[in-house]
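Have a look at the structure below, then the notes.
Proteins get letters first, then strands, A, B, ... in listed order; numbering begins at 1 in each.
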Number of protein chains: 2
Amino acid sequence: MDTITIKDVARLCGVGVSTVSRAINNHPDINEETKQKVLQVIKENHYIPNNSARNLKRSASKTIAVLIKGIDNPFFSGMIKIFEEEIQKKKYSFILHRVDEGEDEVDVAVELVKEKKLKGIIFLGGYFSHSQAKLDQLDVPFVLSTIAITDKMEAGKFSSVSVDDFAESYKMVDYLCSLGHKHIGILAATPYDESIGKLRLEGYKKALEDNGITPREEWCFYSQEDIECYTMSNGYELMNKVMASDTGVTAVFAVSDSIAIGACKAVFDAGKSVPEDYCVAGFDGLDMAHYYNPTITTIRQPVEEMAHATIRILFDIIRNKSQNQQRIFQAQLLEGQSTRRI
Amino acid sequence: MDTITIKDVARLCGVGVSTVSRAINNHPDINEETKQKVLQVIKENHYIPNNSARNLKRSASKTIAVLIKGIDNPFFSGMIKIFEEEIQKKKYSFILHRVDEGEDEVDVAVELVKEKKLKGIIFLGGYFSHSQAKLDQLDVPFVLSTIAITDKMEAGKFSSVSVDDFAESYKMVDYLCSLGHKHIGILAATPYDESIGKLRLEGYKKALEDNGITPREEWCFYSQEDIECYTMSNGYELMNKVMASDTGVTAVFAVSDSIAIGACKAVFDAGKSVPEDYCVAGFDGLDMAHYYNPTITTIRQPVEEMAHATIRILFDIIRNKSQNQQRIFQAQLLEGQSTRRI
DNA sequence: TTGTATGCGTTATCAG
DNA sequence: CTGATAACGCATACAA
């Protein structure tokens, strides 16, 4: 009584299990009348097919999984919505699977492929640094979306959609220079970061150099290793260090909008103002940056386009219409009220 | 070659499948030596057990699922982290499952219970309005966490953790009254909301009445039905309507912090200021409210405590240590800079 | 300590 | 159109 199976339904209907199965799965070769009867019985008894059994038996399913590290990143929510829409539009189903900070995303993916007979995978966010051997375990198409890619990986062996973190950082810092700032700090990730944090830091340094400014280590305010880096509270702490220092920075480039917002708050709490006392720039283009007061000058990643491109590439590969491709998107510098000319 | 199964491993090792199974599942009755050998072969060949088959075979598993509606709600992220920690601490595993806006969470739950042989479920957020009959389909312990409960459901038949949305709203609006405001608007959910939106609206009205103010329909700024309600952009729109009206409101109570922030922004963009021209109060106690400029006066739900309580109740039921319980938490009014005495 | 055989709930392949 | 029946990959009772 507890758990009702397809056999029970069959018995209740006085038909064979295969007939029930046909009814469930909308097979054409079944009498409409018997089908309705079966469906009726199913409804009455709240029969629910066991997915494990289905997945086990099925050789393939039309489902795409999105694996995401750090599910609470507001940056992703817009993309996820688009993924969902697009995937549904293609008559595929969609699984969102969160991968823990400590987990290996590829392992999780391989497992999921087996369990759910996936058709494709989207890796969203985080860092990605896997050997080719590891990646080869994945025998389904996948694309890395908004993920920093290390040079460990061979181009052509995978697909990706991203912005050029180095170039976009450069763009922002170059802009700050163009506003007349000579002492520009950076609210950075940890010194050991090997991912976007590093790329954004390097873009910052290069932009300074190209503007005839020698980057100084004292301008680099790094996050501690033991805390979450891309948070408002971290931005708050870092900016307090900036203000406590005598580095004379007039502008700071925060490597994310959350950090930038925390930084602004620190300035206000110190009784100073943005952009008069300190200019603050962010990165990502979150809604929040736009609604903050002052609006945050930031680099807006074209999340919608990137999400669409991710899907397009994935399905192109699934349908064998194309090889792997790496798409780099152009981001946009949004001038907000948090920066000014000096 | 493509997909390697337990049989392949067995053959490769020259042992039986049950031995391999024992090695995988850490059974005691296996020779340490053979176990190591098997594990070795498994590693070399990247064998990964098929979860569908395992779930199908297993009669029970130690796993808890958290079903969440609207996964991008920043309000939840802190709770999820705690769920994860606590569940791991109990040696259970943890599945986070997003349920689509259109889906029926109970159906999803029932399906998941069968598929994964769940031990318990946490429903997080959203509205909850299911008949007892529906709930009876769920034969595992569950608790509704931060969910508005309708009176359709019989107390004692389920567990829940929440705040009293009515009372807390009342608290906030009463506070606004105490600051001397006589014309207080509300940025509300849709007029048809039957959930927290309604409760918060009612708390608002009651507080006005108790302060000798007759609620006016023109003070109620409702969200449109076709847009997401608890967003900054909605708050922005609603506040613009407030300012365009000649209702003379001096303070608005936004039914969420996101709405409140959008509202503040609208005020700024209109060249006015908060709290001088308009006072704005929120609800939820997001980090964001604290980092905003000005800080938002809000009702802070004790999310950490609530998350812990959720877990405790769930496990108490699982372990038969207690019956269903409904816990109502006290929230805290945080006075920010977005409100003032007039 | 180990291997064999059975069944978990489905779907797919066959004959009817 | 329908109904047996054989897999799917694994865990386990039972036999060895």
Inset, instruction - Would you confirm whether B:Lys117, through its side chain, and B:Asn55, through its main-chain N or O, come within 3.5 Å as a donor-acceptor pair? - result: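 Side chain of B:Lys117 to backbone of B:Asn55: a pair is present.
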Could you state the atom-to-atom distance from [atom1] of [X] to [atom2] of [N] in whole Å?
{"X": "B:Asp29", "N": "C:dG3", "atom1": "CG", "atom2": "C1'", "answer": "12 Å"}
{"X": "B:Asn26", "N": "D:dA11", "atom1": "CG", "atom2": "C1'", "answer": "15 Å"}
{"X": "B:Asn55", "N": "D:dA11", "atom1": "CG", "atom2": "P", "answer": "10 Å"}
{"X": "B:Asp8", "N": "D:dC8", "atom1": "CG", "atom2": "P", "answer": "11 Å"}

Inset, instruction - Check whether the side chains of A:Gln36 and A:Glu32 place a donor and an acceptor atom closer than 3.5 Å, and report yes or no. - result: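 Present: a donor and an acceptor within the cut-off.
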Inset, instruction - Classify the nucleic acid contact of B:Leu56 as base, sugar-phosphate or nothing, counting any heavy atom under 4.0 Å across all strands shown. - result: base
Inset, instruction - Check DNA chain D against residues 31-43 of chain B and give the residues with a non-hydrogen atom under 4.0 Å, in numerical order. - result: none
Inset, instruction - State the CZ-CG distance between B:Arg319 and B:Leu314, to the nearest 0.5 angstrom. - result: 10.0 Å
Inset, instruction - Assign a letter to each nucleotide of nucleotides 10-16 of chain C from its 5' end: B, base within under 4.0 Å of a protein heavy atom; S, sugar-phosphate only; -, no contact. - result: BBB----
Between [Y] and [X], is there a side-chain heavy-atom distance shorter than 4.5 Å?
{"X": "A:Asn45", "Y": "A:Val9", "value": "no"}
{"X": "A:Ile6", "Y": "A:Ser21", "value": "yes"}
{"X": "B:Ile318", "Y": "B:Tyr92", "value": "yes"}

Legend entry - Angle by which the axis turns from one end of the helix from C:dT1-D:dA16 to C:dG16-D:dC1 to the other, five pairs per end, to 10 degrees: 40°
Legend entry - Check: A:Phe142 ring centroid to A:Phe123 ring centroid under 6.0 Å: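 Yes, ring centres under 6.0 Å apart.
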Inset, instruction - Taking atom CD of A:Glu44 as the centre, report whether more than 12 heavy atoms of other residues, nucleotides or ligands fall under 6.0 Å from it. - result: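 Yes, the 6.0 Å shell around CD holds more than 12 heavy atoms from other groups.
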Legend entry - Over 12 non-hydrogen atoms of neighbours within 6.0 angstrom of NZ in A:Lys7: no
Inset, instruction - Measure across A:Glu228 and B:Lys81 and return the closest heavy-atom pair with its distance rounded to 0.1 Å. - result: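 Between these two residues, the closest heavy atoms are OE2-NZ, 3.3 Å.
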